[in-house]
Each structure stands twice: as C-alpha cells, then as structure tokens.
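The basis for the numbers below is simple: all heavy atoms, side chains too, and nothing from hydrogens, waters or symmetry mates.
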Amino acid sequence: VRRTSIGRLLPLTERIVMELGRCDAVVRCEPAGSLRRFAETGKDIDIVAAVTNRLTAAEAFVAQEWVAQVASRGDRPSGHSTGISVGLFT
C-alpha cells in the first residue's frame with residue numbers, strides 16, 4: 001500500500017471533518033489513525049464520529065463532493081478521492 005505525506009492528507013481531512021460537522025446526526029468527528037498520531041505518512045484517512053443516527057451520518061459522508069467513488073455503505077462507509085481511501089467509523 002502506497003503511503004502519502006500527511007501534508008497531502010491533512011487538507012482533505014480537515015474538509016471532510018468540517019463538512020461532516022454540518023450533518024445534524026454528527027455530534028462530534030475528528031481524524032483518527034496516522035493523522036491523529038501526527039505520523040509523517042499515512043496510507044488512508046480515518047475519521048471517527050459520535051453520531052445520533054449512523055445511517056444519516058453515513059449517507060452524508062458518501063454524498064460529499066470530494067467522493068469520487070463509494071467503496072462501501074452502511075455501518076462502515078468508505079470512499080475514494082484521487083487515490084486516497086477515506087473511512088468513517090461511528
């Protein structure tokens with residue numbers, strides 16, 4: 001798996017967190033994994049969220065403008081943007 005510099009991952013991560021924060025079902029969300037640990041590189045973007053409705057939060061996640069391809073839906077939705085895999089954990 002190809003690793004990407006955190007400098008490249010961080011702007012997309014911040015955008016995702018901001019957009020998810022607008023969803024009424026999302027109480028709180030933040031980066032997880034290598035971004036949370038401030039590693040130099042990461043293989044993907046993980047977002048962890050506290051939600052009141054998992055389905056609504058998942059649909060808001062995969063409906064975001066940055067999503068080029070939806071890899072999975074439901075409890076653990078994931079999407080791809082320019083070769084970067086992004087997962088939401090609720």
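Taking the side chain as every heavy atom from C-beta outward, Phe61 and Ile16 approach each other to under 4.5 Å. Residues Asp44 and Val86 have side chains not in contact (no heavy-atom distance under 4.5 Å, counting atoms from C-beta outward). Residues Gln64 and Leu20 form a side-chain contact, since some pair of their non-hydrogen atoms from C-beta on lies under 4.5 Å apart. Considering only heavy atoms from C-beta on, Leu35 stays 4.5 Å or farther from Asp46 through its side chain.
Taking Thr52 as the reference, Ala25, Val27 meet the side chain to side chain contact (heavy atoms under 4.5 Å, CB included) condition, with sequence neighbours excluded. A search for side chain to side chain donor-acceptor pair (under 3.5 Å) contacts involving Thr41 returns Arg3, not counting sequence neighbours. Among residues two or more places apart in sequence or in another chain, the side chain to side chain donor-acceptor pair (under 3.5 Å) test is passed with Thr56 by Asn53.
Across Ala60 and Cys23, no two heavy atoms sit closer than the pair CB-SG, 3.8 Å. In this structure, Ala49 and Leu88 approach most closely via the heavy-atom pair CB-CD1, 3.9 Å. The nearest pair of heavy atoms linking Ile45 to Leu9 is CD1-O, 3.8 Å.
Evaluation of the side chain to side chain donor-acceptor pair (under 3.5 Å) test over residues 16-32, restricted to residues two or more places apart or in two chains, returns Arg15-Glu19, Arg28-Glu30.
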query = Checking side-chain contact (heavy atoms from CB on, under 4.5 Å) for the pair Phe89/Ile47: CA distance, chi angles, key distance, verdict?
reply = CA-CA 6 Å; Phe89 299 88; Ile47 305 293; over 6 Å; no
